[in-house]
Structures are given as structure tokens and as C-alpha cells.
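Okay, so here's the structure we're looking at.
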2 protein chains.
Amino acid sequence: MAHRPRQCSIADALSIVGERWSLLTLREVFLGVRRFDRIARNTGASRDILAARLSKLVESGLLEKKQYETHPPRYEYVPTETGQALHAVLLSLMDWGDRYITRTDPPTVWAHDCGATLRPVMVCEHCREPLRPAELTVVRVDQPNPE
Amino acid sequence: MAHRPRQCSIADALSIVGERWSLLTLREVFLGVRRFDRIARNTGASRDILAARLSKLVESGLLEKKQYETHPPRYEYVPTETGQALHAVLLSLMDWGDRYITRTDPPTVWAHDCGATLRPVMVCEHCREPLRPAELTVVRVDQPNPE
DNA sequence: AATGGTAAGTTGGAAAATCCAACTTACTGG
DNA sequence: CCAGTAAGTTGGATTTTCCAACTTACCATT
């Protein structure tokens, strides 16, 4: 009866960063590449789509457009706090790719300030144990189709 | 000169789960919804696209098709180990959405077996400290455009 | 002074992906 | 016998994406 999709923060998040090239654009920004041409070449996105994605990321508050040159006006895209918080998402995606998809050695390696090569792990904030899918239970979820 | 995009596990991961509906499909599977019609309704994906996505997820080794009825043949989609490992990605995306996008109370709440309401946190495996973007440095990365 | 390169887009038209409603097959329950 | 459920498939319309070329304006070189 209720043909409404499930309400959920994953869907909300994807409505902002779920389109093609958005996450790769943010990857470049996190790697320090913050100008249009370079982002276009490093991702492979076509210029028109990249322009649209960057505008959306700015409108959505993930990036800020900083002018670094007037005449002609040129901008670079720097992450806001909201944008920076997405770094964790990209790291978990990278980790999954490293482990299960990419055959070779991890192409990208980060170091943590503690001195170690970064291995990102998701833990429960309360007990600090690494999350295992089998140890999770749904407590509350929107149920679009009751019957 | 080199017009090759950057080689990276995030791109590899997105080549499998980056298309529209793939991650929402996996969300449903993790919530225990494993049959075609329900997934279609709960996500809002059109049936033809959903069929294509499910096939791809099966081919890519994230889901397995289990027959639960012959005559007519009916299947359900259950996550493999590779698929289950993506739960962490969805949780980090959910957490980001909860914090920065969704205005209301978190629509979906998970509990951890330790008894606490789940708050997923990304930590450095070595020192166990929560990751802060400012404390990360790139050690190695594919550089598509040298000059 | 003219030429080529860099930079950040924008434009128009072709190609690909997605959407949508209707159809199919084969059971089950009333 | 009819309606409902389930897992898709099909054809055609709509929307996105792709691609190459164009624009504006500066700087470095010849």
C-alpha cells in the first residue's frame, strides 16, 4: 500500500554524494588537488559534469569555493567540516576496495600521526570493539510497507 | 600527457557499488530484506534496474542467489563475506548522514552486542585513536599527471 | 607583436542509463 | 474461477552523461 521508499540517512547521504564522480571529486580534494582542471584529469570526469558536481557540493555545504586569483577569476575548492567528515566514508570504501577488489598492493597509503601506516577500523564507540556484522541488531528502522 | 585517471581502490570499489541503487540494495539486504519485490519497493528502484544491479552484485561476489522455492523458481539474495564487509561503509555513510544531513532523529538505529546503541567510529588500528582528517598524511598515491 | 599554453568553465549534439507501465509465468488462497 | 504474490522482462519515453569544441583572459616565449 504505502509505496514510499524507506526513510534513511544513507539515502539522504547518497542524494548528495551518490551521483557519479562526486566521491572521486572528494577523493581528489582530500589528496590536496583542489583545482578544476586537475580534478577533471585525475578523476576522468567530463568537464561539464564536474562543474555540475562541484556546484552541488558547494551548495550542499561540503566544499567552499575560494578565489585564488582575480582577472580572470579562478577558484579552488576546499572542504568544510561537513566535507571533511566524509573522509571516513572514503577511507572505509578504500579499505574495502583494498581488501576485496583491488588485486595489487594498495595503490594509496596513508599514515596516521601516531606513526603507523593507516589501517582504518570501525569500532563501537562504547566498547571500542571492531564491528562485526553478526554482532549488530536493528533497534529501530523506518518501515515503509507494514503488511 | 598521461590522460589516465588515478588508479585507486575507491574507484575500484565504486565500479562495483557506485551505480544508482546498488548501495540502497545492500542496505536492504543488511536489514534482512532479501527478496526482489520488497527490495524494489523499499528502495524505490525500478524493477529492470534492480534486476541488473542484483545480477552485478552476484557476479561481483557480494551477494549469493539462494533458491527458496522451485516451481516457480524464486530466489533470495544473501550477502557473502565480501558483501558483509561493506556494512562498515554503509554505517559510516549512515553516520555522516545522521550527523550532517538528516535533520530529524536518526531514522535507523543499530545496537551492538556489547549492549550499547551503536555509534560507529573509525579508528587507527595501531593506536586505536579516532581518525581526524588533520592527522592523516598521504604516504603513497598513484600520480597520473607527473608534470 | 604574435603564438602557444594554462585555467575554468559553457555549449550543442550524440550516446548511454534510467524510468515507467504493462506483460509473463506459475503457483496459492478464497 | 478469480485475485493476489512473486520475480523478473520488454518497449518506449525521459534523463544523464559523454565528448569535442568554444570562450575569456592571463602569462611566457619567440
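Here is how names work: the chains are called A, B, and so on, in the same order as the sequence lines, proteins then strands, and each is numbered from 1. The analysis underlying the following values was restricted to heavy atoms, covering all of them including side chains, and did not include hydrogens, waters or symmetry mates.
- Put simply, the side chain of B:Thr108 never gets that close to the backbone of A:Val141: no donor and acceptor are under 3.5 Å apart.
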Just the atom pairs and distances: protein N or O near nucleotides 15-18 of chain D's N or O, under 3.5 Å.
residue	atom	partner	partner atom	Å
D:dT17	OP1	A:Arg53	NH2	2.8
D:dT17	OP2	A:Arg53	NH2	2.8
D:dC18	OP1	A:Arg20	NH1	2.7
D:dC18	OP2	A:Trp21	NE1	2.8
D:dC18	N4	A:Asp48	OD2	3.0

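- Distance CD/A:Glu76 to CD1/A:Ile39: 9.5 Å, rounded to 0.5 Å.
- More than 12 non-hydrogen atoms from other residues, nucleotides or ligands lie less than 6.0 angstrom from CD of B:Gln67.
- The interatomic distance linking B:Phe36 (CZ) with C:dT24 (C1') rounds to 13 Å, in whole Å.
- Among the nucleotides D:dT24, D:dG8, D:dA7, the one closest to the side chain of B:Ala51 is D:dG8.
- Separating the CZ atom of A:Arg38 from the P atom of C:dA7 is a distance of 7 Å, rounded to the nearest angstrom.
- Rounded to whole Å, the distance from CG on B:Leu50 to C1' on D:dA6 is 13 Å.
- If you take CD of B:Glu28 and P of D:dA7, they are 14 Å apart, rounded to a whole angstrom.
- Ring geometry for A:His87 against A:Phe30 counts as parallel: the plane angle stays under 30°, on a 0 to 90° scale with 60° as the upper cut.
- The nearest whole Å value for the distance from the OH atom in A:Tyr75 to the C1' atom in D:dC26 is 15 Å.
- Residues B:Asn42 and A:Pro5 form no side-chain contact, since every pair of their non-hydrogen atoms from C-beta on lies 4.5 Å or further apart.
- Less than 4.0 Å separates DNA chain D from at least one heavy atom of each of the following residues of residues 61-70 of chain B: B:Lys65, B:Tyr68.
- Two residues are said to be in side-chain contact when any heavy atoms from C-beta on lie closer than 4.5 Å; A:Tyr77 and A:Leu57 fail this criterion.
- In summary, the side chains of A:Glu81 and B:Tyr100 do present a donor paired with an acceptor at a separation below 3.5 Å, with no hydrogens or angles considered.
- With rounding to whole Å, A:His71 atom NE2 is found 5 Å from D:dC26 atom P.
- Two residues are said to be in side-chain contact when any heavy atoms from C-beta on lie closer than 4.5 Å; A:His112 and B:Glu135 meet this criterion.
- As a whole-Å value, the separation of B:Glu76 CD from D:dT5 P is 19 Å.
- In this structure, the CG atom of B:Asp37 is 14 Å from the C1' atom of C:dT25, given to the nearest Å.
- Cation-pi geometry between A:Arg34 and A:Tyr68 is not met at under 6.0 angstrom from the ring centre and within 45 degrees of the axis.
- Comparing A:Arg47 and A:Pro72 against DNA chain D, the residue whose closest nucleotide sits nearer the 5' end is A:Arg47.
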